[in-house]
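Below is one structure; the comments refer to it alone.
Computed from a predicted model, the values in this text were never measured in an experiment. We name chains A, B, ... by the order of the sequence lines, and we start the count at 1 in each one.
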Amino acid sequence: MATHLKNALTHLNDWNHQLIFADSPFEYPFLRCVEVTMNKQIEGWLFDAYPVAGGMVVWLLDGEGRAHQLRDTLTTSFFVWGERGELHTLCEQIRAARLPVQLKRAERYDLFQRATLELLEIVVSDPARVANIVKTVTRFNPNLTYYNCDISSAQLYFYERNVFPLAPVRVEVNEQNQICAMDVHESPWELNYALPPFKVMTLKLEGDLLNPNHGVRAPLEVGLDDSTRVLVDDDPREMLLRFQELLVAYDPDIIVSAWGDSFILPRLIELARKYRVPLSLNRDATRDIQFRPARSYFSYGRIVYKTASHVLCGRWHIDRENAFLIDDYGLDGTFELARITQVPVQQVARTSTGSGISAMEMATAYRNSWLIPWQKREPEAWKTADELIASDKGGLVFQPIVGLHEEVAELDFVSMFPTIMEKFNVSPETVNCPCCGDVRVPELGYSICRKRRGLIPETLAPLIEKRVRYKQLARELPKDDPLRELYKRRASAHKWLLVTCFGYLGYKNARFGKIEAHEAVNAYGRDALLIAKEIAELRGFRMLHAIVDSLWIHKANARNEDYAEITRAISDATRLPIQLEGIYNWIAFLPSRQDPQMPVANRYFGVFRDGEIKMRGIEARRSDTPPFLRRAQVEMINVLATAKNRAEFLERARDVLLLTLDLLDRLHAGQIPFADLVISQHLSREPQAYKTNHLNAIVAKELLGRGVNLAAGETIRYVITEYRARAPSDRARAVEHLDGLYGYDAARYAELTARTVTTLFSALGVKQTAIQKRLDLARQLPAARPRPALPSPQMELPLFAWQTQQTYRMNRARVFA
DNA sequence: TACAGTCGGGG
DNA sequence: GTGTACGACTGTA
């Protein structure tokens, strides 16, 4: 996961405070009947569920914060379809192997075959053995078709009991803590829900959140409520004992860590083994920590590295450095995802939203008793270039008209692709159905089923609705209301589910994917954008730019009613909701850098009438841009944002250049801290595999030389120390190993600064050389304006600050030697 | 100039 | 438990 340094530097404890428990109090209806029984009732939130021999362990957290470990049974089935004789043979093999299963005949609907099949049902009543039984049976005859055979026990348990993680439940348990009955009285689609009073422990290494796997050493810092303890120790055994004491005494429900998966937990476990100290990371002492090794995989055309994971039993461990998009939607978003996807919290935190939407599709199928196909893990076959183009004729783009435009309106279709799937019933099994010929997809002519509601639309409908309602609620609340942020984070989690849903339709390996459905969605989308364009132009607007689901239009002196009318007309004509994102005082569509005559889509910035700034594709939006440059560019746009029109924009250019000069002065004076100059990039391969000596390769090799094992897909962070140095190793340095001997290369960062300024004026045809010339001239004229005295020697300030920190660190960093 | 390597978009 | 894209852009040789 890409981690922005800004986020990384935020203290975990602060971050943890984002958690909001501000929902309505948790109340149960009055209990009317009193039964004479030895059973007791527990009310609380469903916290976790996992298989053990003979059944499931189920954890509940009650309103007082107590954790209850309960047991439940779980009987599930998987299905086999094939030729009668082969099924018969399979049954005999299963009987001969004395597998603990029950065999039945069953009928179930297969979406893709559009038929009810007669199948062999294999019933298993020990969830811990399902995986092995499936393995054995499929090995007997791999050529048969298997269904419902690769769903996790936890998910099946949630489906069977009709519950979800964090659902408020009332259970009845006997004296052995066996669950006899479970009542859930809340829907996962409830907007306002209460969460249990979690006890949270944070774990990190003291200091900045640098990657400990890249060679940084620091003592362990444990956060509990508002206090922080640093476990400094020369004696690891003593340190472990103190940590264990804290664990037992505080008994946290959640351990939130930074680098816990890849570093802290494995070290603690290893030390505990070595020194024979008990370590109660799991609440359930009978279970081992669930370990999954690190791996690299492809996603969105790039390689991603995922560190090993350590999943706990009876307690959650969430590593914010190894949690998918958690910086985006926080713990609130993660909890929301767990509730609506019915995937346990620790899993949902670590996997992409792609598997989240896939889980929701499975739940829909399960609810309807439709067969769930086995997900093959075969890598997708290589496609030729032609095939790629043919199958991926994606969204429609109209190139922008380069320049600085005044009074531009942006219209956006709301959640365009998900809405298309839902409204037009696009689903893998509804496209090209044999039964309906009267509904045709534009351009393609595919038919769409009218008789059956599709799996995807059924899955998406409540999600789309909930997201819209959260966005609406957030809009209505005042800016400082904490609930507003909560709603926004939940809506953001939904957004990612919706976005990946479309992607998954076109992915061959997806359980419910079909390329024709993907194409159909795209075709509806292109059609809608074209209709919107026509409607706008008929009303005298000029279209400046359009991309997939947004369009930018201009008409001098257009009134609010005009915009209201046009959005209504487009919504009516396309049957898709479209809204006015806003009206820009001005917006700059930037030219290509390689060919200044050419426009590029998605490189623009502008200011709405309410003062809000929107930018895409420019340096400040890129994750590899150092914070110094990002802030510099944002500051400059802030200066420009005070301009109401083109003329004022031009007037502000002077102020932007003055601001730039100040920044350059500070840069050359050595006043910028290293942390602000860090470049953060992904490695697409292992360090040795690089052919050229660019900075990434140099730093990767430096780390390698220090014994750091770097995998493809990992992120490295470095500062440019001497860009044009003869010896490559002098050119840049990993942040983890910057020391007092190095300063940053002010000249190089100055060049980059000039480039970020140039971007802002490129729509006016201004070249970097022109900007550079002016900046150089101004810097040579110190008398022209007051400037701060340069400290001497140049690097004194940050050097001093850094050294003290280093010394401090080295003196204390003994724990994980 | 050719080639190598990385990033964003979506909201 | 996962999208082998695409084009823009920067940098090296």
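Considering every non-hydrogen atom in both A:F164 and A:Q342, the closest pair reads CB-CG, 3.9 Å. In this structure, A:E702 and A:R733 approach most closely via the heavy-atom pair OE1-CA, 3.6 Å. For the residue pair A:L505 and A:F512, the shortest heavy atom distance occurs at CD2-O, 4.0 Å. Between A:L191 and A:Y470, the shortest heavy-atom contact is O-OH, 2.6 Å. When all heavy atoms of A:A528 and A:M416 are compared, the closest pair comes out as CB-CE, 4.1 Å.
Contact between the side-chain N/O atoms of A:R467 and the OP1/OP2 oxygens of B:dG11 is not found at any separation under 4.0 Å. Side-chain nitrogen and oxygen atoms of A:R622 include none within less than 4.0 Å of the OP1 or OP2 phosphate oxygen of C:dC9. Note on A:R731: every side-chain N or O is 4.0 Å or more away from OP1 and OP2 of C:dG11. For A:T500 and C:dG3, the shortest distance from a side-chain N or O to OP1 or OP2 is not below 4.0 Å. A close approach under 4.0 Å does occur between a side-chain nitrogen or oxygen of A:S592 and OP1 or OP2 of C:dC9.
For the C1' atoms, the distance linking C:dC6 with B:dG9 amounts to 11 Å, nearest Å. If you take atom P in B:dT6 and the same atom in C:dA5, they sit 15 Å apart, rounded to whole Å. B:dG8 sits 16 Å from C:dG3 when the C1' atoms are compared, rounded to a whole Å.
Using a 4.0 Å heavy-atom cutoff across all strands shown, A:Y723 reaches sugar-phosphate atoms only and no base atom. A:R603 comes within 4.0 angstrom of the backbone, heavy atoms only, and of no base. The residue A:D412 sits apart from the nucleic acid: no heavy atom pair falls under 4.0 Å. A:K471 comes within 4.0 angstrom of the backbone, heavy atoms only, and of no base. A:R511 comes within contact range of at least one nucleobase, with a heavy-atom separation under 4.0 Å. If you check every strand for non-hydrogen atoms under 4.0 Å, A:Q594 touches a base.
Distance A:K306 NZ to C:dG3 C1': 16 Å, rounded to the nearest Å. If you take NE2 of A:H518 and C1' of B:dG10, they are 13 Å apart, rounded to a whole angstrom. Between the C1' atom of C:dG11 and the CZ atom of A:R724 lies a distance of 11 Å, rounded to the nearest Å. In this structure, A:W374 atom CH2 and C:dT2 atom C1' are separated by 17 Å, rounded to whole Å. In this structure, the CG atom of A:N602 is 17 Å from the P atom of C:dC6, given to the nearest Å. A:I679 has its CD1 atom 11 Å from the P atom of B:dC7, to the nearest Å. Counting to the nearest Å, the P atom of B:dG10 and the CE atom of A:M416 are 12 Å from each other. If you measure from atom CG of A:N522 to atom P of C:dC6, you get 13 Å, rounded to the nearest angstrom.
If you check B:dA2 for Watson-Crick or wobble pairing at under 3.5 angstrom, you find it paired to C:dT12. The base-pairing partner of C:dG7, taking Watson-Crick or G-U wobble contacts with both distances under 3.5 Å, is B:dC7.
In the set C:dC9, B:dG10, B:dC7, B:dC7 carries the atom at the smallest distance from any side-chain atom of A:D624. For A:N696, the listed nucleotide lying nearest its side chain is B:dG5; candidates were B:dG5, B:dG8, C:dT2. Of the candidate nucleotides B:dG9, B:dT6, C:dT10, B:dG9 has the atom nearest to the side chain of A:R621.
Remark: A:R748 engages A:E751 in a salt bridge, criterion side-chain N to carboxylate O under 4.0 Å.
Put simply, the side chain of A:R748 and the base of C:dG11 share no donor and acceptor less than 3.5 Å apart.
Using modelled atom types, one finds a donor on one side chain and an acceptor on the other under 3.5 Å when comparing A:T759 with A:E619. With no hydrogens or angles considered, a side-chain donor-acceptor pair links A:N696 and A:Y718 at under 3.5 Å.
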Could you list the protein-to-nucleotides 1-4 of chain B atom pairs, N/O on both sides, closer than 3.5 Å?
none

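Rounding to the nearest 0.5 Å gives a distance of 9.0 Å between CG of A:L710 and OH of A:Y305.
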